[in-house]
Amino acid sequence: MPRSNRPKRSKGAKREEPVDLDLDRALRGIKRTEIKNGVEYNVQSSSGANAEDGKTWVCPHCNVNIQKGLSHIVAWDAHRGVDSRRHFHGACWKSFQGKLL
Ligand SMILES: [Zn+2]
């Protein structure tokens, strides 16, 4: 990340308050990091368009399928790696405060 023109906050740690999800930006699949419940997550949005035919994901927060073509959030534990990733509805990810199983 070469750009660092955001105002500096001297609040210590690298914890950042998750900025309200900017959908436009999110749709371009920008990866970011969020801390939830002390766990660092890599978070990326997906347009859902590249899902394989007939493939759906079950959102671990509400247990409802995420249909193909529905933009959503892909999140994974930064330490466990991308294999632990899960697909969330955008709103579900925002309220999700637990740990990925
Ligand atoms: Zn959900």
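Indexing begins at 1, ligand by ligand and atom by atom, following the structure's order. What's counted below: heavy atoms across the whole structure, side chains too, no hydrogens, waters or symmetry copies.
There is a side-chain donor-acceptor pair under 3.5 Å between His61 and Ser95. Side-chain atoms of Trp76 and Gln44 include no donor-acceptor pair closer than 3.5 Å.
In this structure a side-chain-to-backbone donor-acceptor pair under 3.5 Å is missing from Arg80 to Asp77. Panel note: side chain Asn37, backbone Val39; no donor-acceptor pair is recorded below 3.5 Å.
Within the coordination shell of the Zn ion (ligand 1), defined by N, O or S atoms under 2.8 Å, Cys92 is present.
With respect to the Zn ion (ligand 1), His89 has ND1 as its nearest N, O or S atom.
At the Zn ion (ligand 1), the angle from SG in Cys62 to SG in Cys59 is 110° when rounded to 10°.
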